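Not measured: the values here are computed from a predicted model.
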Amino acid sequence: GKQAWDEHFAPLGALNWGYSGDRTEHLIWRLQNGNIQRVSPEVAVILIGTNNTGHSQRPAEETLSGIRQTLDDLAWKWPDTKIVLMSVFPRAEKAVNPLRQLNDEINAQLKVLADGQRVHLLDINAKFMDAEGTLNKELLPDLLHLSPAAYDIWAEALAPKLKQLGVQ
């Protein structure tokens, strides 16, 4: 995703705090113990949760609780920051896969966390699969991680929301 990042987000002065293998508990720890007070972004984009399902197949309610805690911590640390909460991206080739179903269960519940004022939910998962729900292997070659083309799709889908929230 470096090329998409450099093209679409670096010019905005964006920071990338994502880590490979990140789970909700890792993000919560960094928010509660890190130095995020030194910045005050207009908008933060949050994509978290698939490693909770993939690494340990945690129940959807547990992952959702971690996402809720993340949003609460950000509200306390960055009260004026708008949040774009991304739906957890799909994983596994077919919709019948238990890990995909777990992510889908999380996504169905994310709607309750978005208020349309401070937290805005953005679900672009359909862009990564066909009408039957099969993941496009050109976009997610290992059926989990995005290809450069998929990062471009994400960036293009995110751009209007960022503009709506005042990021130019």
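- We find the CD-CG distance between E93 and L144 to be 13.5 Å, quoted to the nearest 0.5 Å.
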Residue pair L27, Y19: steps toward the side-chain contact (heavy atoms from CB on, under 4.5 Å) verdict: CA-CA 9 Å; L27 179 55; Y19 290 90; over 6 Å; no
field: Residue pair D104, R100: steps toward the salt bridge (charged side-chain N to carboxylate O under 4.0 Å, His left out) verdict
entry: CA-CA 6 Å; D104 289 346; R100 170 90 72 87; 5.1 Å; no
query: F128 and L139: side-chain contact (heavy atoms from CB on, under 4.5 Å), yes or no, with the steps?
result: CA-CA 6 Å; F128 301 134; L139 299 177; 4.2 Å; yes
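- Between the side chain of R91 and the backbone N or O of T50 there is at least one donor-acceptor pair closer than 3.5 Å.
- Taking 4.5 Å as the limit, some side-chain heavy atom of R30 sits within range of a side-chain heavy atom of H26.
- When hydrophobic clusters are built by joining Ile, Leu, Val, Met, Phe, Trp and Tyr residues whose side-chain heavy atoms come closer than 4.5 Å, directly or via intermediates, I28 is not grouped with I48.
- Note on L12: it does not cluster hydrophobically with L15, by side-chain heavy-atom contacts below 4.5 Å among ILVMFWY residues.
- Note on I106 and V84: separate hydrophobic clusters, where clusters join Ile, Leu, Val, Met, Phe, Trp and Tyr whose side-chain heavy atoms are under 4.5 Å apart, directly or indirectly.
- A donor-acceptor pair under 3.5 Å is absent between the side-chain atoms of T81 and the main chain of V43, judged by distance alone.
- In this structure, L31 is a member of the same hydrophobic cluster as V39, with clusters built from ILVMFWY side-chain heavy atoms closer than 4.5 Å.
- Residues L146 and A150 share a closest heavy-atom pair of CB-CB, 3.7 Å.
- Clustering ILVMFWY residues whenever any of their side-chain heavy atoms sit less than 4.5 angstrom apart, transitively, puts V45 in the very cluster that holds L122.
- With rounding to the nearest 0.5 Å, the separation of CG in N97 from CG in N103 is 9.5 Å.
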message: Run T24 and T63 through side-chain contact (heavy atoms from CB on, under 4.5 Å) and show every step you take.
response: CA-CA 7 Å; T24 56; T63 301; 4.3 Å; yes
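- Taking each heavy atom of Y151 and G1 in turn, the nearest pair found is CD1-CA, 3.3 Å.
- Closest approach of E132 to D130, counting heavy atoms only: N-OD1, 2.9 Å.
- Summarising the geometry, atom CG belonging to L143 is positioned 11.5 Å from atom CE belonging to M129; distances are rounded to the nearest 0.5 Å.
- Listed by first then second residue, pairs satisfying salt bridge (Lys or Arg N to Asp or Glu O under 4.0 Å) with a partner in residues 47-75 read E25-R58, R58-E62, not counting sequence neighbours.
- Between W17 and W78, the ring planes are tilted. Angles from 30° to 60° get that label.
- In this structure, K82 NZ and L74 CG are separated by 14.0 Å, a value rounded to the nearest 0.5 Å.
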Could you tabulate the donor-acceptor pairs under 3.5 Å formed by side-chain atoms of residues 114-121, not counting sequence neighbours?
{"unit_1": "D115", "atom_1": "OD1", "unit_2": "Q117", "atom_2": "N", "d": "2.8"}
{"unit_1": "D115", "atom_1": "OD1", "unit_2": "R118", "atom_2": "N", "d": "2.8"}
{"unit_1": "D115", "atom_1": "OD1", "unit_2": "V119", "atom_2": "N", "d": "2.9"}
{"unit_1": "R118", "atom_1": "NH2", "unit_2": "L71", "atom_2": "O", "d": "3.0"}
{"unit_1": "H120", "atom_1": "NE2", "unit_2": "Q117", "atom_2": "O", "d": "3.0"}

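- In this structure, K2 NZ and N16 CG are separated by 10.5 Å, a value rounded to the nearest 0.5 Å.
- Between D142 and K137, no side-chain nitrogen of the basic residue sits less than 4.0 Å from a carboxylate oxygen of the acidic one, so the salt-bridge criterion is not met.
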task: Apply the test side-chain contact (heavy atoms from CB on, under 4.5 Å) to residues L85 and L47: give CA-CA distance (whole Å), side-chain angles for both, the deciding distance (0.1 Å), then the verdict.
output: CA-CA 6 Å; L85 178 61; L47 173 63; over 6 Å; no
Contacts under 3.5 angstrom, residues 153-161 side chains, donor-acceptor by atom type, not counting sequence neighbours:
{"unit_1": "K161", "atom_1": "NZ", "unit_2": "Q164", "atom_2": "OE1", "d": "3.0"}

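- Rounded to the nearest 0.5 angstrom, I67 CD1 and I46 CD1 are separated by 9.5 Å.
- With hydrogens and angles ignored, the 3.5 Å screen pairs a side-chain donor or acceptor of N33 with a backbone N or O of W29.
- Annotation for L135 and P90: closest pair CD2-CG, 3.5 Å, computed over non-hydrogen atoms.
- In this structure the side chain of F89 never reaches within 4.5 angstrom of the side chain of L140, judged on heavy atoms.
- Taking both residues in full, the closest heavy atoms of V88 and L110 are given as N-CD1, 4.2 Å, listed atom of the first, atom of the second, then distance.
- Between the side chain of H55 and the main chain of N52, no donor-acceptor pair closer than 3.5 Å is present.
- Inter-residue side-chain proximity for I124 and K127 is flagged as met; some heavy-atom pair is nearer than 4.5 Å.
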